[in-house]
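Just the heavy atoms: all of them, side chains too, but no hydrogens, waters or symmetry mates, feed the values below. Positions are given from 1 along the sequence.
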Amino acid sequence: MKRIYKFIILMLAFFLFLSPLCIASNNQSVKSTKNETIKVFNTDLYLGGQDVVVNDAVNGNVFAFGSTVTIKGEVLGDVFLLAKSLTIDESATVHGNIFAFANDMTVKGKVNYDIYFLGQDFELTDSAYINRDIRLFVATAKLYGSIKKDAFLFVDSILMADNAKDIIGGNLHYTSDKEFTFPEKAIMGSVTYTPYQVHTATTGEIILKYVKQFISDMSLAIVVILLAVFLAPKFIEKVNYALMKRPFLSSGIGVLAFVLVPVLAILLLFTGFLTSLAVVLAVLYGLILAISLSIFSLAIAKSLADKWNVTSKGKLILFAFLSAVVLWIAKLVPILGTYVSLFIHVVGLGIFLTSFMKAKEKN
């Protein structure tokens, strides 16, 4: 499970890098009480930043991410959260579900529906009340509050007070690498334990896995190569020019696009009215990355063909396929292969985008 937690931390670091760019969108009315003014947002609320606090009432859903996120007000809809540290304060009431991805989450208030949480540590304090289920994928689950129905946990450890009573009103289903004992009155229903099993792949399974991956990747490469050679020969010249004549420009554009396109897609998604454009941008981005190996191979193949004065389409296809095979094998090299794969994706993306810049110059 340690690899999973490392992945979680890396993902958090990436999204926290984006957090200052998040957009808050709301319609609001204001009502006064004896001691304070409470804002009521009659729409979905979008928030982001270093430290995000929701103090007010939201008559809709809440979408928030940042370094720390704290919910103190009342939310009538669902809550979608991405943070390093997340707190549902004692004064908070969430009438819908909570979907959260964070390093740690602390619940002190009331949640009327379910909690879905993926992270490192989860704590349900003794003041917390969950009216339905919790579903956790965590290293440590500290359960001191009240869960009205069932708990579904994928954990390394579960902590409860020795004299705990009525912590889980329904059933407990948990998966772990070891079995735990719980206070007698802590769980009202049944306890179901599933051992966490790590499957060790055999040599044959590993070989089969790589063979399947090779066939899949090379099939895609062949399709892209054939389409380019027979339907878009000018595109091959452009990507070759981008790689051989503008390597630094292509690499720079690739790095910027690799980082900024996901940022732009998320920003468009958070506007609420450009969601379709965000999806299209994300799909195109994924598609170009998927064929980056083929683009890189075509650029190399064209360079070799020009160097050896080869004009045959058949030989160009052969050069491109062999280049793709060599690059694919290079991706398998331990440790170095990760950097090779990243290099292919980044430069392939840059080559693709730079090729359109050259087309614009010609026109």
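Geometric assessment of Arg135 against the ring of Phe152 yields a positive cation-pi assignment under the 6.0 Å and 45° thresholds.
Ser341 places no side-chain N or O within 3.5 Å of a backbone atom of Thr338 that could act as its donor or acceptor partner. At distances below 3.5 Å, at least one donor-acceptor pair connects side-chain atoms of Ser297 with backbone N or O atoms of Leu293. Not one N or O on the side chain of Asp104 forms a donor-acceptor pair closer than 3.5 Å with the backbone of Asp121. Judged purely by atom type and a 3.5 angstrom limit, Asp78 has no side-chain atom pairing as donor or acceptor with the backbone of Asn61. The backbone N or O of Phe154 sits nowhere less than 3.5 Å from a side-chain atom of Thr175 that would complete a donor-acceptor pair. Between the side chain of His95 and the backbone N or O of Asn112 there is no donor-acceptor pair closer than 3.5 Å. Looking at Lys313, its side chain never comes within 3.5 Å of a backbone N or O of Leu226 through a donor-acceptor pair. Using modelled atom types, one side-chain atom of Asp133 and one backbone atom of Asp150 make a donor-acceptor pair closer than 3.5 Å. Of the possible donor and acceptor atoms, one in the side chain of Ser176 sits under 3.5 Å from a partner among the backbone N and O of Val155. No donor-acceptor distance shorter than 3.5 angstrom exists from the side chain of Thr106 to the backbone of Thr87, with no hydrogens or angles considered.
Going from atom CD1 of Ile295 over to atom CD1 of Ile344 covers 12.0 Å, rounded to the nearest 0.5 Å. With values rounded to the nearest 0.5 angstrom, Leu159 atom CG is found 10.0 Å from Phe182 atom CZ. A distance of 7.0 Å separates CG of Leu143 from CG of Leu136, quoted to the nearest 0.5 Å. The line from CG of Asn59 to CG of Leu45 is 11.5 Å long, rounded to the nearest 0.5 Å. Here the straight-line distance linking atom CG of Leu277 with atom CG of Leu268 works out to 5.0 Å at 0.5 Å rounding. One finds the CG atom of Leu260 at 9.5 Å from the OH atom of Tyr285 (value rounded to the nearest 0.5 Å).
Residues satisfying the ring pair (Phe, Tyr, Trp, His ring centres under 6.0 Å) test with Tyr193, not counting sequence neighbours, are Tyr174.
Shown here for Glu205 and Thr200, the closest heavy-atom pair between the two residues is OE1-O, 4.3 Å. Of all heavy-atom pairs between Lys148 and Asn131, the closest is CB-O, 3.1 Å. Between Ile351 and Ala242, the shortest heavy-atom contact is O-CB, 3.9 Å. Across all their heavy atoms, Ala299 and Val239 have their closest contact at CB-O, 3.7 Å. In terms of heavy-atom proximity, Val224 sits nearest to Ser294 at CG1-CB, 3.6 Å. Ser157 and Thr140 make their closest contact through OG-OG1, 3.4 Å (heavy atoms, listed as atom of the first residue, atom of the second, distance).
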Exercise. Walk me through it: do Ile236 and Val229 pass the test side-chain contact (heavy atoms from CB on, under 4.5 Å)?
Key: CA-CA 7 Å; Ile236 299 177; Val229 169; 3.8 Å; yes

Quiz prompt | Derivation and outcome, side-chain contact (heavy atoms from CB on, under 4.5 Å), residues Asn171 and Thr192 | solution = CA-CA 8 Å; Asn171 304 316; Thr192 303; over 6 Å; no

Practice problem: I would like to know whether Phe230 and Ile317 meet side-chain contact (heavy atoms from CB on, under 4.5 Å); could you show each step before the answer? | Solution: CA-CA 10 Å; Phe230 290 104; Ile317 293 171; 3.7 Å; yes

Practice problem: Please report the C-alpha distance between Met105 and Val138 in whole Å, then the side-chain angles of each, then the deciding distance to 0.1 Å, and finally whether the side-chain contact (heavy atoms from CB on, under 4.5 Å) criterion is met. | Solution: CA-CA 10 Å; Met105 177 178 181; Val138 296; over 6 Å; no

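The aromatic rings of Trp328 and Tyr210 sit perpendicular to each other, their planes meeting at more than 60°, with 30° as the lower class boundary.
Leu349 has its side chain out of reach of Ser292: every pair of non-hydrogen atoms, C-beta onward, lies at least 4.5 Å apart. In this structure the side chain of Tyr241 never reaches within 4.5 angstrom of the side chain of Thr354, judged on heavy atoms. Taking the side chain as every heavy atom from C-beta outward, Phe214 and Val325 approach each other to under 4.5 Å. Side-chain atoms of Leu332 and Gln213, non-hydrogen and from C-beta on, never get closer than 4.5 Å to each other. Taking the side chain as every heavy atom from C-beta outward, Glu123 and Tyr144 approach each other to under 4.5 Å.
By the rule that hydrophobic residues join a cluster once side-chain heavy atoms approach within less than 4.5 Å of another member, Leu249 and Val255 end up as members of one cluster. The cluster map of Ile, Leu, Val, Met, Phe, Trp and Tyr, joined by side-chain heavy atoms under 4.5 Å apart, puts Leu284 and Val259 in different clusters. Both Met218 and Val333 belong to a common hydrophobic cluster when Ile, Leu, Val, Met, Phe, Trp and Tyr are linked at side-chain heavy-atom distances under 4.5 angstrom. With hydrophobic clusters built from ILVMFWY side chains whose heavy atoms lie under 4.5 angstrom apart, Ile134 shares a cluster with Phe180. Phe63 and Leu76 sit in two unconnected hydrophobic clusters of ILVMFWY residues. Membership requires side-chain heavy atoms under 4.5 Å apart, directly or through other members.
Tested against Val107, the residues Thr125, Asp89, Ile115 include a single side-chain contact (heavy atoms from CB on, under 4.5 Å) partner, Ile115. With respect to Phe80, the ring-ring contact (aromatic ring centres under 6.0 Å, His included) criterion is satisfied by exactly one of Phe117, Phe101, Tyr46, Phe99: Phe99. Here the options are Asp306, Leu304, Leu298, the test is side-chain contact (heavy atoms from CB on, under 4.5 Å), and the partner is Lys302; only Asp306 passes.
For Lys331, the NZ atom is densely surrounded, since the number of other residues' heavy atoms within 6.0 Å is greater than 12. Taking a 6.0 Å sphere around OH of Tyr113, one finds it holds 12 or fewer heavy atoms contributed by other residues, nucleotides or ligands. Residue Lys307 qualifies as open at atom NZ: its count of foreign heavy atoms under 6.0 Å is 12 or below.
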